[in-house]
Amino acid sequence: MPEPKADHLEEEPQENGVTQSTQGQYSSIAPPASPVAGPLDQEQFSTYFEEKVPVPEDVTKIFSFRKLWAFTGPGFLMSIAYLDPGNIESDLQSGAKAGFKLLWVLLGATIIGLLLQRLAARLGVVTGMHLAEVCNRQYPTVPRIILWLMVELAIIGSDMQEVIGCAIAFNLLSGGRIRLWVGVLITIIDTFVFLFLDKYGLRKLELFFGFLITIMAVSFGYEYVNVRPDQGELLKGMFLPYCEGCGTPQMEQAVGIIGAVIMPHNIYLHSALVKSRQIDRGNKKEVKEANKYYFIESTIALFVSFLINVFVVAVFAEAFYNKTNIEVNMKCNASGSAHTDLFPMNNLTLEVDIYKGGVVLGCFFGSAALYIWAIGILAAGQSSTMTGTYSGQFVMEGFLNLRWSRFARVVLTRSIAIVPTLLVAVFQDMQHLTGMNDFLNVLQSMQLPFALIPILTFTSMTSVMDDFANGLFWKISGGVVILMVCAINMYFVVVYVKDLESVPLYVLAAVLSIAYLCFVCYLAWQCLIALGVSCLDRSCLGSRMHVCLTGHTDAYLLTDMDSDAVER
């Protein structure tokens, strides 16, 4: 069998697993090579990257809108994770519980998310591999399998939120005639259909996602215009990092916002999506240019997602902050709503979720508001469940080196998340189903280190990123951000577990926490070596812990990536 070659690179001598390119003073790691097969096998093994979008030549301009358009797409698919039903539910709860006071947390979380997505995109562009593939080549077998399982858990948790969101949207649009389990089945079917849209061209698929984002913007924008929030309070809440009069519920909600916005599987997804453009990785100028345009595109995409999230927070902050159940009950009763039983006759503060949120909007602003809200939720759920399935495929292919047919991979990745969701939809009612959101946010929060630590590790290694490795500023700031995000989300987990009020669950949580922290410490140890703390290298630990600062502290982590690719 002839040896496969890396994309756009002539085969060159290798040193320490790094391919030396003759197309410039730039060395890069060869991407994974697909098995050499006949036309039938190539058709059976199809991926999102069968078609690569060409980038127009334009050497005369520092900035080109034509090039930006060519790179536009992956960032908007990535931004879908910032608009999934879990995020929407977190937004409306933030507005209902804290008014405009936590908008600055949403802004900060989005900015942190942008910085992390930048690292993910750079890894994919520079190496030609996505994060799961790099993890597969860098970590030993046991840690690699554990890492894969943790990421799969995050994808399952996110996917359950998304499918539940779609099922609730179908229920609202049908006036309750479409049962939840039927809505889940509909979501399964239409997701299979939409996932094969890329057969008609990659750009058409990306435009379809753009269309779904537009539906969300119009739907939630309509609610925003209809409610007319106080713009002064909105700006104050967005740029004044303070929460006057806030207690434990508001603080927990602030932590929940961060946990809902920054999603671990999205780091893996974005590092894979950027591989869809024709970039000569042997040309340092092209790689630098691609990094620039991807960052601009990601900034625009996340700005759009931030505005949509602000629409939702502002609507519920203006209309339902400090509202009581009895007020809402009386309003729904006066409007002739059939859902007054959702709101008991007491003076407790209103608590809303995606389902109740739509009902309350219908009671206060008419049935049009309810249906438009449901359309927005359906667009959010449908788009995010599609990107979630892509994430599952990339993660499974990267960690397990699967070479299955496209249909088999879609069935497997869909089934992993759909089966538990369908069981819950059959045996639980609406209120229990929507109440799972907190648990699923906790589940995803716990998986954050398994995306954030590896992405900082590998983007800091010169043997992986060459000239594009993180500088001192990015190493320090990246480490601080990751430490802060993980600490905040662990607080969220502790608060959730404490509310369980069950001794057996406390014991189970303690045992799992010890195992969890041990694995996080292992990943952090390797990350610190990549960041330059070479005294933690095993070769140094055997030499009385002396400081052995060398120019190649990351070589300890690097395996022969190119030889792995060739063997495959």
Side-chain angles (χ1 to χ4, degrees), residues 6-7 28-32 47-49 52-53 71 73-82 112-139 144 147-148 150-152 154-155 158 202 206 262-279 281 287 290-295 297-299 301-302 387-401 413 447-461 464-466 468-470 474 478 481-482 523 527 530 557 561 565:
D7 294 344
S28 58
I29 295 174
T47 71
Y48 176 83
F49 309 113
K52 290 201 173 186
V53 177
F71 283 105
F76 281 90
L77 269 68
M78 168 273 295
S79 72
I80 294 293
Y82 292 74
I112 292 173
L114 174 63
L115 299 179
L116 295 172
Q117 300 298 159
R118 173 188 180 272
L119 296 181
R122 286 171 68 86
L123 179 72
V125 170
V126 174
T127 67
M129 292 182 290
H130 54 74
L131 181 55
E133 291 172 322
V134 178
C135 290
N136 182 39
R137 287 159 179 73
Q138 295 304 305
Y139 290 120
R144 184 171 70 240
L147 194 61
W148 167 64
M150 294 299 101
V151 178
E152 286 291 350
I155 293 173
S158 174
L202 180 57
E206 292 172 346
I262 303 172
M263 307 181 80
H265 71 277
N266 209 35
I267 305 295
Y268 288 86
L269 175 67
H270 198 197
S271 65
L273 293 175
V274 296
K275 294 169 59 178
S276 58
R277 267 56 182 173
Q278 287 182 3
I279 302 167
R281 294 187 308 103
V287 174
N291 285 330
K292 177 181 75 174
Y293 282 107
Y294 274 133
F295 182 66
E297 185 235 3
S298 296
T299 303
L302 289 188
T387 55
T389 303
Y390 276 123
S391 299
Q393 292 185 62
F394 295 141
V395 165
M396 194 167 289
E397 290 169 10
F399 277 110
L400 304 184
N401 189 24
T413 52
Q447 313 312 317
L448 269 172
F450 308 126
L452 304 190
I453 295 176
I455 196 64
L456 180 63
T457 299
F458 299 128
T459 55
S460 298
M461 292 170 60
V464 173
M465 300 291 287
D466 200 70
F468 296 95
N470 294 329
W474 275 99
V481 165
I482 289 173
L523 295 178
C527 182
L557 289 171
M561 300 173 76

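Computed over heavy atoms, backbone and side chain alike; hydrogens, waters and symmetry mates excluded.
Between the CD1 atom of Ile267 and the CG atom of Leu452 there is a distance of 6.0 Å, given to the nearest 0.5 Å. With rounding to the nearest 0.5 Å, the separation of CG in Leu523 from CZ in Phe450 is 6.5 Å. The CZ atom of Phe399 sits 4.0 Å away from the CG atom of Leu147 when rounded to the nearest 0.5 Å. Going from atom CD1 of Ile482 over to atom CD1 of Ile112 covers 11.0 Å, rounded to the nearest 0.5 Å. Annotation: the span from Trp148 atom CH2 to Ile155 atom CD1 amounts to 10.0 Å, rounded to 0.5 Å. Rounded to the nearest 0.5 Å, atoms CZ (Arg144) and CD (Gln138) are 10.5 Å apart.
Between the side chain of Glu206 and the backbone N or O of Leu77 there is no donor-acceptor pair closer than 3.5 Å. The main-chain N or O of Ala154 is never found under 3.5 Å from a side-chain atom of Ser158 such that the two would form a donor-acceptor pair. One N or O on the side chain of Arg281 and one on the backbone of Thr127 form a donor-acceptor pair closer than 3.5 Å. Of the possible donor and acceptor atoms, one in the side chain of Asn266 sits under 3.5 Å from a partner among the backbone N and O of Met78.
Nearest heavy-atom pair across Pro74 and Val274 is CB-N, 4.3 Å. Closest approach of Ile279 and Ala290 over heavy atoms only: CD1-CB, 3.5 Å. Nearest heavy-atom pair across Ile453 and Cys527 is CG2-CB, 3.8 Å. Pairing each heavy atom of Gly75 with each of Ser298, the nearest pair is CA-OG, 4.3 Å. Summarising the geometry of Thr459 relative to Ile455, their closest heavy-atom pair is OG1-O, 2.6 Å, with the distance given to 0.1 Å. Of all the heavy atoms in Glu133 and Lys275, the pair that sits closest is OE1-NZ, 3.2 Å.
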Go through it in stages, so that I can follow the logic: the residues are Arg122 and Tyr294, the test is side-chain contact (heavy atoms from CB on, under 4.5 Å), and I'd like the CA-CA distance, side-chain angles, deciding distance and then a yes or no. CA-CA 9 Å; Arg122 286 171 68 86; Tyr294 274 133; over 6 Å; no
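At least one side-chain heavy atom of Asn470 sits less than 4.5 Å from a side-chain heavy atom of Leu119. Put simply, the side chain of Asn291 reaches to within 4.5 Å of the side chain of Val126, judged on heavy atoms. With a 4.5 Å cut-off on side-chain heavy atoms, Ser79 and Gln117 do not count as touching. Between Met465 and Leu123, some side-chain heavy-atom pair lies under the 4.5 Å cut-off. Within the 4.5 Å cutoff, side-chain heavy atoms of Glu152 are placed close to those of Met396.
Just one residue in the list His130, His265, His270 forms a ring-ring contact (aromatic ring centres under 6.0 Å, His included) with Phe394, and that residue is His130.
The cationic group of Arg118 lies under 6.0 Å from the six-membered ring centre of Trp474 and within 45° of the ring axis, placing it in a cation-pi geometry.
By the 30° and 60° cut-offs, the orientation of the rings of Phe71 relative to Tyr293 is parallel.
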